[in-house]
K.L.:
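Sharing a structure with you now.
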Amino acid sequence: MGSLGPYQRKHKITVVGSGNWGCAIAKIVAENAASNSDIFEKKVEMWVFEETVEIPKDSPNYDPANPGPEKLTHVINRVHENVKYLPGIKLPANLHANPSLEDAVKDSTILVFNLPHQFIVKTCESIKGKILPYARGISCIKGVDVNEHGINLFSETIGKTLGIYCGALSGANIANEVAKEKWSETTVAYDPPHLDSKAPSLQPSPSGSQVDLVQFEHKDVSGNLSNVKLQALPSEYPPIDHNVLKQVFHRPYFHVRVVSDVAGVSISGALKNVVALAAGFVEGMGWGDNAKAAVMRVGLMEMVRFGDKFFGATIDQRTFTDESAGVADLITSSSGGRNFRCAKLSVERNQPIEQIEKDELNGQSLQGTLTAAEVNSFLKNQGQEEDFPLFTAVYRILQGTMQVAEIPSYIER
Ligand SMILES: NC(=O)c1ccc[n+]([C@@H]2O[C@H](COP(=O)([O-])OP(=O)(O)OC[C@H]3O[C@@H](n4cnc5c(N)ncnc54)[C@H](O)[C@@H]3O)[C@@H](O)[C@H]2O)c1
Ligand SMILES: O=P(O)(O)OC[C@H](O)CO
């Protein structure tokens, strides 16, 4: 290892985000950067939304020289652990926690976006024009971007905002299990216009001084056509393709399948969170495993129907059944995910789920509650609420306008 082969430059990787999943993925990426030093720079940057943390005196991470509250980035770089969002897990020493987003993404060719979805638009806006124009992205976000214009995948929102191509990663991946190196699978979806590896005429000159802007027509998931300009990756770098992405994410304990269905992978990851809330609600009622299986069955059907109706042109229906991002994620999320656990406690304690989130998650963020509201506003606009009774029931239960006890009769209609 260590030889650059036919390429003069290595990829620099930045992880944008450092929460529970952000750190688990950053750990994987940093491990791979260290062990594939022929194509990746060893040092991996991780952007941290800075805050201060208090380390208890009896913690092995306590620094008597620094007894007061300490910046989270200082703690991560000092003890190689995110003591707030991924406690008890050693992070690789080549992972650098950086409080400056602009500095963290500077000169990176591979950007991994891993934040709660409500923060992504603002985060991307702030680095517009400040990244390499030929960088490529992977979104690990589970959510959909619903705004007045309709519904978008976050990979597309990120790509459009930054003027780059962005794929997606999603799977049956509870972060704490992955971080403990318990075996799991994931799905990476990546399907850029073929300009990096298949069209040498589009490559810039080896000096990098001349860049090629490739303009192509792009149809987004809602069928809207737009002209997109994408800059080819300079030929000094190894092409960013399925093989390189596997080297970024695959570990002996984290098995990656790379596919092309970005829409299917992203939609599954977003919608399964809504179904996991329903699973938590019925579990909280003490209705048992049969009831949970029933909401998972109906939920999966609604996920497939949603994909077919609104993303039909671009989605591969097999993703829902064949890939980790599909039914496998639905099962794990409805068994031990945060959305499931908080929904269950909210029924058991008869408290709003926002209260449970605040009391139980120590700053981590539920995605299903926001997604249920966003999906509902989209379905309402489309006049389709009644065609998705489980999604609608979850939204109404969260709003307090429906009881969990009404789920069985409501979803049967
Ligand atoms: N945690 C999991 O098990 C898991 C697994 C797979 C996918 N995901 C998905 O990954 C994404 C990220 O989840 P996570 O678990 O890393 O996050 P998290 O739930 O741990 O959220 C906390 C993070 O949000 C950050 N944050 C708070 N306010 C912010 C702001 N204003 N701007 C930017 N960042 C802010 C915090 O600094 C912290 O890093 C989500 O879409 C989630 O659904 C999570
Ligand atoms: O803990 P949740 O509910 O956010 O789900 C975590 C992951 O998405 C499971 O794959």
Side-chain angles (χ1 to χ4, degrees), residues 15-28 46-53 71-73 76 82-87 89 97 99 101 104 112-127 138-145 153-155 158 168-180 182 184-187 249 254 265-266 268-280 323-344 353 356-358 360-372 374:
V15 179
V16 177
S18 57
N20 189 235
W21 187 226
C23 280
I25 277 289
K27 172 178 176 288
I28 286 171
M46 175 174 75
W47 174 60
V48 176
F49 182 73
E50 188 69 292
E51 61 186 287
T52 51
V53 288
K71 291 206 159 111
L72 182 56
T73 48
I76 297 174
N82 187 334
V83 294
K84 177 159 183 193
Y85 295 107
L86 193 60
I89 301 294
L101 178 57
V112 179
F113 294 90
N114 204 334
L115 295 169
H117 76 273
Q118 59 272 34
F119 306 127
I120 193 67
V121 171
K122 200 166 164 215
T123 301
C124 285
E125 290 287 350
S126 73
I127 48 171
I138 291 289
S139 160
C140 303
I141 294 148
K142 292 187 178 173
V144 276
D145 183 16
L153 309 178
F154 274 107
S155 51
I158 293 167
L169 176 153
S170 186
N173 301 139
I174 290 180
N176 292 337
E177 292 182 17
V178 176
K180 286 180 189 147
K182 295 181 176 189
S184 70
E185 299 179 301
T186 203
T187 319
F249 294 108
F254 191 63
V265 164
S266 309
S268 304
L271 297 180
K272 66 82 191 172
N273 282 333
V274 181
V275 185
L277 289 172
E323 300 302 335
S324 178
V327 70
D329 194 11
L330 176 67
I331 293 169
T332 204
S333 298
S334 301
S335 310
R338 298 169 298 185
N339 288 286
F340 166 77
R341 287 187 282 117
C342 289
K344 174 175 178 280
I353 197 163
I356 307 284
E357 180 179 17
K358 203 160 164 247
E360 298 293 324
L361 293 188
N362 193 29
Q364 293 180 36
S365 190
L366 290 181
Q367 299 283 264
T369 44
L370 280 173
T371 303
E374 289 154 353

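What you see below is based on every heavy atom in this structure, not just the backbone, and it leaves out hydrogens, waters and symmetry mates. Counting starts at 1 for both ligands and their atoms, in listed order. The model shown is predicted, which means the values in this text are computed figures rather than measured ones.
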K.L.:
Measure the OG1-CG distance between Thr123 and Leu115 for me, rounded to the nearest 0.5 Å.
P.N.:
5.0 Å
K.L.:
Which N or O atoms of ligand 2 sit under 3.5 Å from a protein N or O, and how far apart is each pair?
P.N.:
from, atom 1, to, atom 2, distance (Å)
ligand 2, 1 (O), Arg338, N, 2.6
ligand 2, 1 (O), Arg338, NE, 3.1
ligand 2, 3 (O), Arg338, N, 3.0
ligand 2, 3 (O), Asn339, N, 3.0
ligand 2, 3 (O), Asn339, ND2, 2.7
ligand 2, 4 (O), Arg338, NE, 3.3
ligand 2, 4 (O), Arg338, NH2, 3.0
ligand 2, 4 (O), Asn339, ND2, 3.4
ligand 2, 5 (O), Lys272, NZ, 3.3
ligand 2, 8 (O), Lys142, NZ, 2.8
ligand 2, 8 (O), Lys272, NZ, 2.7
ligand 2, 10 (O), Lys142, NZ, 3.0
ligand 2, 10 (O), Gly171, O, 3.0
ligand 2, 10 (O), Asn173, N, 2.9
ligand 2, 10 (O), Asp329, OD1, 2.6

K.L.:
Between Lys272 and Ser333, is there a side-chain donor-acceptor contact under 3.5 Å, judged purely by atom types and distance?
P.N.:
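The answer is yes; a qualifying pair exists.
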K.L.:
Taking salt bridge (Lys or Arg N to Asp or Glu O under 4.0 Å) as the cut-off, I'd like each qualifying pair that reaches into residues 114-126, sequence neighbours left out, listed once.
P.N.:
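Pairs touching residues 114-126 that pass the test: Glu125-Lys128.
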K.L.:
Less than 3.5 Å apart, any donor N or O on the side chain of Thr371 or Asn273 sitting next to an acceptor on the other?
P.N.:
no
K.L.:
Relative to each other, are the rings of Phe49 and Phe119 parallel, tilted or perpendicular (30° and 60° limits)?
P.N.:
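Judged by the thresholds at 30° and 60°, the geometry between Phe49 and Phe119 is parallel.
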K.L.:
Roughly how far, to the nearest 0.5 Å, is CG of Leu169 from NZ of Lys142?
P.N.:
8.5 Å
K.L.:
Does ligand 1 have any N/O pairs with the protein under 3.5 Å, and how far apart?
P.N.:
from, atom 1, to, atom 2, distance (Å)
ligand 1, 1 (N), Asn20, OD1, 2.9
ligand 1, 1 (N), Arg338, NH1, 3.4
ligand 1, 1 (N), Arg338, NH2, 3.1
ligand 1, 3 (O), Ala175, N, 2.8
ligand 1, 10 (O), Asn114, OD1, 3.3
ligand 1, 15 (O), Trp21, N, 3.1
ligand 1, 15 (O), Arg338, NH1, 3.3
ligand 1, 16 (O), Asn20, N, 3.3
ligand 1, 16 (O), Trp21, N, 2.9
ligand 1, 16 (O), Gly22, N, 2.9
ligand 1, 19 (O), Arg338, NH1, 2.9
ligand 1, 19 (O), Ser365, N, 2.7
ligand 1, 20 (O), Asn20, N, 2.8
ligand 1, 39 (O), Gly19, N, 3.1
ligand 1, 41 (O), Lys142, N, 2.9
ligand 1, 41 (O), Gln367, OE1, 2.9

K.L.:
Return the set of residues passing side chain to side chain contact (heavy atoms under 4.5 Å, CB included) with Ser365 (not counting sequence neighbours), or none when no residue passes.
P.N.:
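Per chain and number, Ser365 pairs via side chain to side chain contact (heavy atoms under 4.5 Å, CB included) with Pro116, Gln118, Glu357, Gln367.
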K.L.:
Regarding Asp329 and Asn173, do their side chains bring together a donor and an acceptor under 3.5 Å, going by distance alone?
P.N.:
no
K.L.:
Do Asn82 and Leu72 touch side chain to side chain, with heavy atoms closer than 4.5 Å?
P.N.:
yes
